[in-house]
Amino acid sequence: MGLQFLADQCVPTAVVKDLHDAGYEVWCLKDHLPIESSDPVVISKAQELRAILISLNGDFANIFNYPPADYRGIVALQVRNHPEVLPQIVSRLKDYLSANPDMEYYKGKLLLVEIHRIRIRQ
């Protein structure tokens, strides 16, 4: 099975398209839940879909509120109010996904994807 993602409402369409064009299955939150859904509802939907949650929402990077061990994987894109770096961040993420193509690899992990590195919290 290939990698599957649920893109939070804050993830730009261009990112979803870029990941989809790279061969990943990416579902948009708006196709499954109301846009204003709370964070716990969003991450529960990712679990239900057996997908890795991808978000720009910094709340999902909080390991106390969302302990990685409880989820199938969380990818937090660390844009930090600099949307111009998003293409480089997504490129770094795609390289990483290509090197680690197994869904089980992401279970219990939070990937903090930054422009120059990816930090992994477990």
Side-chain angles (χ1 to χ4, degrees):
M1 170 193 331
L3 296 177
Q4 301 171 337
F5 298 91
L6 176 64
D8 196 2
Q9 57 88 16
C10 57
V11 175
T13 304
V15 172
V16 172
K17 182 181 180 331
D18 202 7
L19 291 172
H20 185 266
D21 289 350
Y24 303 109
E25 189 162 0
V26 186
W27 298 297
C28 293
L29 177 70
K30 66 180 179 167
D31 296 331
H32 294 275
L33 293 170
I35 295 296
E36 65 277 356
S37 295
S38 68
D39 290 348
V41 171
V42 170
I43 202 150
S44 291
K45 179 53 77 171
Q47 291 292 98
E48 178 186 320
L49 293 171
R50 302 179 60 80
I52 299 164
L53 179 67
I54 185 167
S55 182
L56 273 71
N57 179 345
D59 293 346
F60 291 115
N62 183 326
I63 64 171
F64 298 106
N65 292 336
Y66 299 99
D70 294 349
Y71 303 104
R72 300 192 64 76
I74 301 170
V75 173
L77 303 176
Q78 305 290 286
V79 177
R80 294 192 177 99
N81 294 323
H82 292 282
E84 69 276 5
V85 301
L86 198 53
Q88 292 125 312
I89 289 173
V90 172
S91 178
R92 177 167 301 282
L93 174 62
K94 289 190 311 184
D95 288 345
Y96 191 86
L97 298 175
S98 178
N100 300 283
D102 183 17
M103 278 292 290
E104 283 301 308
Y105 173 81
Y106 299 91
K107 188 174 182 179
K109 290 184 173 100
L110 163 64
L111 276 65
L112 299 161
V113 185
E114 301 172 354
I115 191 167
H116 297 295
R117 66 181 176 172
I118 296 177
R119 293 182 292 139
I120 300 173
R121 307 286 304 268
Q122 296 185 345

*Please round to the nearest 0.5 Å and tell me the distance separating atom CD of Glu25 and atom CG of Leu6.*
11.0 Å

*asked:* Give me the atom names and distance for the closest heavy-atom approach of Lys94 to Tyr24.
replied: O-OH, 4.0 Å

*Hey, what do you get for CG (Leu111) to CG (Leu97), rounding to the nearest 0.5 Å?*
8.0 Å

_Please find the pair of heavy atoms, one from Ile89 and one from Gln78, that lie closest to each other, and give the distance._
CD1-O, 3.4 Å

*Would you name the heavy atoms of Leu33 and Val42 that are closest together and state the gap between them?*
CD1-CA, 4.0 Å

*What's the spacing between Leu110 CG and Arg121 CZ if we round to 0.5 Å?*
7.0 Å

*How long is the gap from CG on Leu93 to CD on Gln88, to the nearest 0.5 Å?*
13.5 Å

_Gap between atom CD1 of Ile54 and atom CD1 of Ile74 - 0.5 Å precision_ = 12.0 Å

*asked:* Within this structure, what is the CD-OG distance for the pair Gln9 and Ser37, rounded to the nearest 0.5 Å?
replied: 9.0 Å

_Any donor-acceptor pair under 3.5 Å linking the side-chain atoms of His116 with those of Glu114?_
no

*Between Tyr106 (side chain) and Asn100 (backbone), is there a donor-acceptor pair under 3.5 Å?*
yes

*Give a yes or no on whether the backbone of Pro87 and the side-chain of Ser91 come within a donor-acceptor separation of less than 3.5 Å.*
no

*Do you know the tightest heavy-atom contact between Lys30 and Ile35?*
CB-CD1, 3.3 Å

_Using every non-hydrogen atom in the two residues, find where Met103 and Gly2 come nearest and quote the distance to one decimal._
CG-O, 3.6 Å

_Closest non-hydrogen atom pair between Arg92 and Ile115, with its separation_ = NE-O, 3.0 Å

